[in-house]
Every structure is written in C-alpha cells, then in structure tokens.
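Naming: A, B, ... by sequence-line order, numbering from 1 per chain. None of the values given here were measured: they were computed from a predicted structure.
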Protein chains: 2
Amino acid sequence: MPQVSRENIDPAQMSYLDGSLGYALHRAQLAVFEGILQCFAESEVTAAEFLVLVVVAENPGINQADLAKSLEVERPRIVPTLNSLEKRGLAKRTQVAEDARVRQIHLTKSGLQLVKVLQKRARDHQKRVMARLDETEAKVVLSCLWKLAARDSPAEQRVRRNGAHVRGV
Amino acid sequence: MPQVSRENIDPAQMSYLDGSLGYALHRAQLAVFEGILQCFAESEVTAAEFLVLVVVAENPGINQADLAKSLEVERPRIVPTLNSLEKRGLAKRTQVAEDARVRQIHLTKSGLQLVKVLQKRARDHQKRVMARLDETEAKVVLSCLWKLAARDSPAEQRVRRNGAHVRGV
DNA sequence: TATTGTTATACTCTATAACTATA
DNA sequence: TATAGTTATAGAGTATAACAATA
C-alpha cells in the first residue's frame, strides 16, 4: 500500500488546530447540530424552538424569566421563539391570577405530540453519532462536556450533584 | 446534612437536556470560547482572526481559496478577516507572477510574534480547563470530538490517519 | 424600587449570488 | 468555461437598553 502524503488530500497543515480543544468543540458542534436539524427539517423547528419545547414539556407552567434562566439566555431572546410556537399552535401563554406580570407557558396537545417525536429523533441521531465512539469514549463524553461547560452553570452543578451523564444517551 | 432539593437551586428540570449531546456540545463550546476570547481580549483578536493567523503561520504563502477550504468556510468569509489583519500589519497578501488571480498570504514579523503569544495563551487556557477532567477523560476528549465532527472533514480524516489527539494539550 | 414581558436596536457569524479579472 | 478574489446582501443568533404594567 503506497503511503499517501497529506498534501494530496488536505489543502493545508493543521497540526495546531487538530490539537485545539476549542476548535474541536466548534467543529463537533457544527456537525452534530447539522445532523439534528436535518432530523427536524420537515417539522420546521429551529434549535431554539426545540430547546423551549423540551424545557416547557418538562416544566409545564414555567414563566418566561425562569425559562430564559434555565437555558442561560437573555429574557428577550425567547420572546420571538415563543411567538412562533404560539402562532403554530404548539405552545400557549396564559395569565395567572396571583401576579398579573407573569405568563405561564404550556404546550398544547400538538406541541406535546411534536416534542415527543422530535426528542425521539434527536435521541436516535445521538445514538447514531455516538456509535462512532468506542466504549470508553461513549461512557465519558457527556460528563467531559459538562465539565468543560462549567462556568458554574446550573447544568454543570446538576451533573456534579446528580451525575446526569449516567443517564447515558 | 440536609438534602437540598433541586428546585431551590435550578429554575427548571432539565433532565432531557442534561443527557443531550448536542446541547452539551453547545454549552461546552460557549464556555470554552468565552475563556479563550478573554485570553485574547487585550489583543483584540477574534476567533476567526486567530484561526487565520494559525493556519497561515503553519502554511506560509497559502492562497485564500485553500485557506477557506482548510477551515471549511466559504471563500467570501475570510476576506474581511484578512482585510482586518492586513490593516493592522499582521498579515499581507502578495500577487504571484505565475497566476495573476491568486494572492499568497504571509504573516508579518509582528503577526508571527502575535500568533505565538496567542497560541501559548490558548494552550495554557486549554490546559486549565482540561484539568477539570480526570485522566481517562483528558486522554479521549479530543478524539471523541473529532469523531463527532466527522462529516468526512479533512480534520477528522487527519485524526483518523495520524491520531492527532495523542499530541495532547 | 424591583420584576415580567416586551420592543427596538445593533453586532457577530455565516451563506449565497453575482461581479472582476484572469486563466 | 472555470477559478481566485471580491462585493453586496440577507439571514440567523445573541446581547443591551429602555419601556409598560405590575408588584
């Protein structure tokens, strides 16, 4: 078997970036997101919309401030997302008697139905890409990522407390 | 020791997202990028500029098409980046006699000097965040990420061929 | 005064199409 | 006809500041 030189394949030497954690994270995220969004394509659901659907499904009646906090985005960020979900009949905002400022968010029947389908597709996709990893890698990758995500984020605190990665895929 | 309930700490239940590879990648990338860019802050270098500096440093004389290809971005993407680097005297484009269409890119003295400093800062930062991982995790995280980045990218092909991750931090 | 939801705005990142000048 | 570099443009994603209503 003839040895194929790199220069015939790659347009450039990339030895620094090949060892760069930040660049590897960037590229991995691009690839994995592209795959997930392809799974969602026919439903016309964006990443932000999926995140909101998932959190509201697990926390029915959550208000927008807590929703933003849990996803660690700014409050204005979720307004257009919620508008879009509401317009499509997937979620609804309701006023609450005790405090006229807050809106409780719930998924509709079809919102609940959709989020179940999308979660299954995302889980299946995750299983597919995780199959590229060997046993050790698959076992540690999620805990790795949450440790790197640190910044004392709620999610990392949760993983440290509960070992969420053992839930696996 | 009293058991602290999650609800007192987190604004929402996040069990699905805690097990989501895509979300973990997203959050890890945000945190790691934020850290790296803080290391670069005083130099006013963006992520895109750093990538170009690094690739040109390793591939002096590369043209813009190959540079874009190696970073897997579209050709127009690097034009403003190169303009910025050139304006600051960090890189320069030169015409080549054999083909009047192509521009060869080189770093200037101060560009070379800067990229060395930034690479050291990025490597130090990487060492710091990798210190949160245990031994096994640190050993496999880069190979994990490049496998997930797959899509038959040049970088993943390189890692598969050369095992670039053993270069470690 | 502080908080919830909202609007307006701007900045970054990225892709596409089309142009120019060469080949 | 194809390629290198460029321009113009548009669309995501995100953050900030400020506002109205309410507490």
Expressed in angstrom and rounded to an integer, what is the separation of [X] atom [atom1] from [N] atom [atom2]?
X: B:Q64; N: D:dT6; atom1: CD; atom2: C1'; result: 9 Å
X: B:Q29; N: D:dT14; atom1: CD; atom2: P; result: 11 Å
X: A:F50; N: D:dG13; atom1: CZ; atom2: C1'; result: 18 Å
X: B:R101; N: D:dT6; atom1: CZ; atom2: P; result: 14 Å
X: A:R75; N: D:dG13; atom1: CZ; atom2: P; result: 19 Å
X: A:I62; N: C:dG5; atom1: CD1; atom2: C1'; result: 15 Å
X: A:E98; N: C:dT4; atom1: CD; atom2: P; result: 14 Å
X: A:R103; N: C:dT6; atom1: CZ; atom2: C1'; result: 10 Å

ask   = NA contact type, B:E74, heavy-atom cut-off 4.0 Å: base, sugar-phosphate, or nothing?
value =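 The residue B:E74 makes base contact.
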
**Prompt:** Toward the 5' end of DNA chain D, which comes first, A:A97 or A:P80, by nearest nucleotide?
**Reply:**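 First, find each residue's nearest nucleotide; the 5'-ward one identifies A:P80.
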
Contact check, side chains of A:S43 and A:L114, non-hydrogen atoms, under 4.5 Å:
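Yes. Closest side-chain heavy atoms under 4.5 Å.
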
| Mind checking whether A:H125 and A:V32 have side chains closer than 4.5 Å, heavy atoms only? |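 Side chain of A:H125 against side chain of A:V32, heavy atoms only: contact under 4.5 Å found.
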
Just verifying a value: how many Å separate A:H26 NE2 and A:L21 CG, rounded to the nearest 0.5 Å?
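So the NE2 of A:H26 and the CG of A:L21 are separated by 13.0 Å.
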
*Could you grab the distance from atom CG of A:L118 to atom CZ of A:R123, nearest 0.5 Å is fine?*
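Atom-to-atom, A:L118:CG and A:R123:CZ are 11.0 Å apart.
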
**Prompt:** Can you check whether A:R93 has a side-chain N or O nearer than 4.0 Å to OP1 or OP2 of C:dT6?
**Reply:**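 True: A:R93 side-chain N/O within range (under 4.0 Å) of C:dT6 OP1/OP2.
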
request  = Look at the side chain of A:P76 and decide which nucleotide, out of C:dT7, D:dT22, D:dA8, has an atom nearest to it.
outcome  =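 My answer, after comparing the listed nucleotides, is C:dT7.
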
**Asked** Between A:V102 and A:H26, who's closer to the 5' end of DNA chain C by nearest nucleotide?
**Response**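 The 5'-side residue here is A:V102.
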
Review point. Pick the nucleotide of DNA chain C nearest each of A:Q104 and B:A47; which residue has the one closer to the 5' end?
Key: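 It is A:Q104 whose nearest nucleotide is closer to the 5' end.
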
Give me each pair satisfying salt bridge (charged side-chain N to carboxylate O under 4.0 Å, His left out) with a member in residues 30-51 of chain B, each pair once, sequence neighbours excluded.
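Residue pairs with at least one partner in residues 30-51 of chain B: A:R151-B:E34, B:E42-B:R121, B:E49-B:R88.
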
request  = Test for a donor-acceptor pair under 3.5 Å between the base of C:dT14 and the side chain of B:R77, counting only N and O atoms.
outcome  =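 Check fails, no donor-acceptor contact within cut-off.
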
